[in-house]
Amino acid sequence: MDGSETEDAPTDGMEPELFNLFQFTVMSRAFGIPEEKVTGDFRNSLEDLRQREIVTLSEMAGLRAGSAGEAKEHPASWAAGFAEGYLAAWAAAILRVLDTRGLDFGDDKHLFRPLHVSTDADLLTRLLDRAVTVTREADLVAGEPSLQ
């Protein structure tokens with residue numbers, strides 16, 4: 001190195017954690033670890049990075065599209081469908097946790113609609129975390145103006 005480059009140069013602006021994930025994935029395949037195990041670890045690690053707000057949902061969907069064999073022809077459409085399904089699954093999970101815990105926040109289901117139209121994966125993650133312990137609707141939506 002001539003002094004103007006840094007240790008981060010090979011990442012081309014990529015987050016170090018994401019670059020490390022790619023390195024780990026490539027090395028795992030090179031060492032002969034079965035593809036399904038490597039794919040599962042890759043997807044789990046991507047979700048961890050998304051929850052830690054290192055990658056966005058759209059970035060995660062794009063990365064998954066690039067690694068999904070069936071997405072090679074239409075990666076943007078696949079990524080959009082993945083992101084939409086992901087958000088719907090998190091919304092459904094929140095309601096399922098509340099239902100399993102026996103919590104009913106009213107017959108009008110006013111919480112149902114905002115959850116299912118939310119495009120904020122971080123909001124849905126916070127709500128799922130809260131759904132495990134809350135006892136009142138006010139506690140679930142505290143600090144979330146879009147749901148109040």
Side-chain angles (χ1 to χ4, degrees), residues 8 10-148:
D8 302 63
T11 66
D12 289 329
M14 183 185 299
E15 292 292 334
E17 294 91 341
L18 188 56
F19 183 74
N20 290 342
L21 174 58
F22 282 123
Q23 282 185 315
F24 178 76
T25 302
V26 169
M27 293 303 294
S28 296
R29 290 295 294 138
F31 287 128
I33 296 173
E35 183 176 352
E36 61 277 358
K37 169 103 173 80
V38 175
T39 300
D41 289 346
F42 176 75
R43 290 177 178 174
N44 184 54
S45 296
L46 269 180
E47 174 58 24
D48 178 61
L49 293 176
R50 203 241 12 111
Q51 287 188 28
R52 292 183 2 212
E53 300 180 9
I54 293 169
V55 297
T56 65
L57 175 58
S58 61
E59 291 169 334
M60 183 177 86
L63 292 166
R64 295 248 340 229
S67 68
E70 67 275 9
K72 296 293 184 201
E73 289 185 33
H74 306 286
S77 296
W78 189 96
F82 173 84
E84 187 175 318
Y86 180 95
L87 293 169
W90 278 80
I94 293 163
L95 295 171
R96 175 73 178 154
V97 167
L98 294 171
D99 185 55
T100 300
R101 294 187 58 224
L103 299 174
D104 184 11
F105 292 154
D107 293 331
D108 60 46
K109 304 290 183 199
H110 64 279
L111 185 61
F112 181 85
R113 210 171 280 111
L115 286 178
H116 282 284
V117 297
S118 176
T119 58
D120 185 347
D122 296 328
L123 167 67
L124 294 173
T125 300
R126 287 191 306 274
L127 293 177
L128 182 58
D129 290 345
R130 290 180 198 162
V132 174
T133 59
V134 297
T135 56
R136 299 177 317 133
E137 181 178 9
D139 296 333
L140 179 69
V141 299
E144 308 295 350
S146 63
L147 297 174
Q148 294 176 347

Distance-only donor-acceptor pairs under 3.5 Å for side chains of residues 86-98, two or more places apart:
unit_1: Tyr86; atom_1: OH; unit_2: Glu47; atom_2: OE1; d: 2.6
unit_1: Tyr86; atom_1: OH; unit_2: Glu47; atom_2: OE2; d: 2.8
unit_1: Tyr86; atom_1: OH; unit_2: Arg50; atom_2: NE; d: 2.7
unit_1: Tyr86; atom_1: OH; unit_2: Arg50; atom_2: NH2; d: 3.1
unit_1: Tyr86; atom_1: OH; unit_2: Trp90; atom_2: NE1; d: 3.2

What donor-acceptor contacts under 3.5 angstrom involve side-chain atoms of residues 52-61, with partners at least two apart or in another chain?
unit_1: Arg52; atom_1: NH1; unit_2: Asp48; atom_2: OD2; d: 2.8
unit_1: Thr56; atom_1: OG1; unit_2: Ser58; atom_2: OG; d: 3.2
unit_1: Thr56; atom_1: OG1; unit_2: Glu59; atom_2: N; d: 3.1
unit_1: Thr56; atom_1: OG1; unit_2: Glu59; atom_2: OE1; d: 3.4
unit_1: Glu59; atom_1: OE1; unit_2: Thr56; atom_2: N; d: 2.7

Cut-off 3.5 Å, no hydrogens considered: what does the side-chain donor-acceptor table look like for residues 17-26, sequence neighbours left out?
unit_1: Asn20; atom_1: ND2; unit_2: Pro16; atom_2: O; d: 3.3
unit_1: Thr25; atom_1: OG1; unit_2: Leu21; atom_2: O; d: 2.8

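Proximity of a side-chain donor or acceptor of Ser118 to a complementary backbone N or O of Pro114 within less than 3.5 Å is not detected.
Applying the side-chain hydrogen bond (donor to acceptor under 3.5 Å, both in side chains) criterion to Asp139, with sequence neighbours excluded, gives Arg136. Scanning for salt bridge (charged side-chain N to carboxylate O under 4.0 Å, His left out) contacts around Glu84 gives an empty result, with sequence neighbours left out. A search for side-chain hydrogen bond (donor to acceptor under 3.5 Å, both in side chains) contacts involving Arg101 returns nothing, not counting sequence neighbours.
Note that CG of Asp122 and CG of Leu127 are 11.0 Å apart. Values are rounded to the nearest 0.5 Å.
Smallest separation of non-hydrogen atoms from Leu123 and Glu144: CD1-OE1, 3.1 Å.
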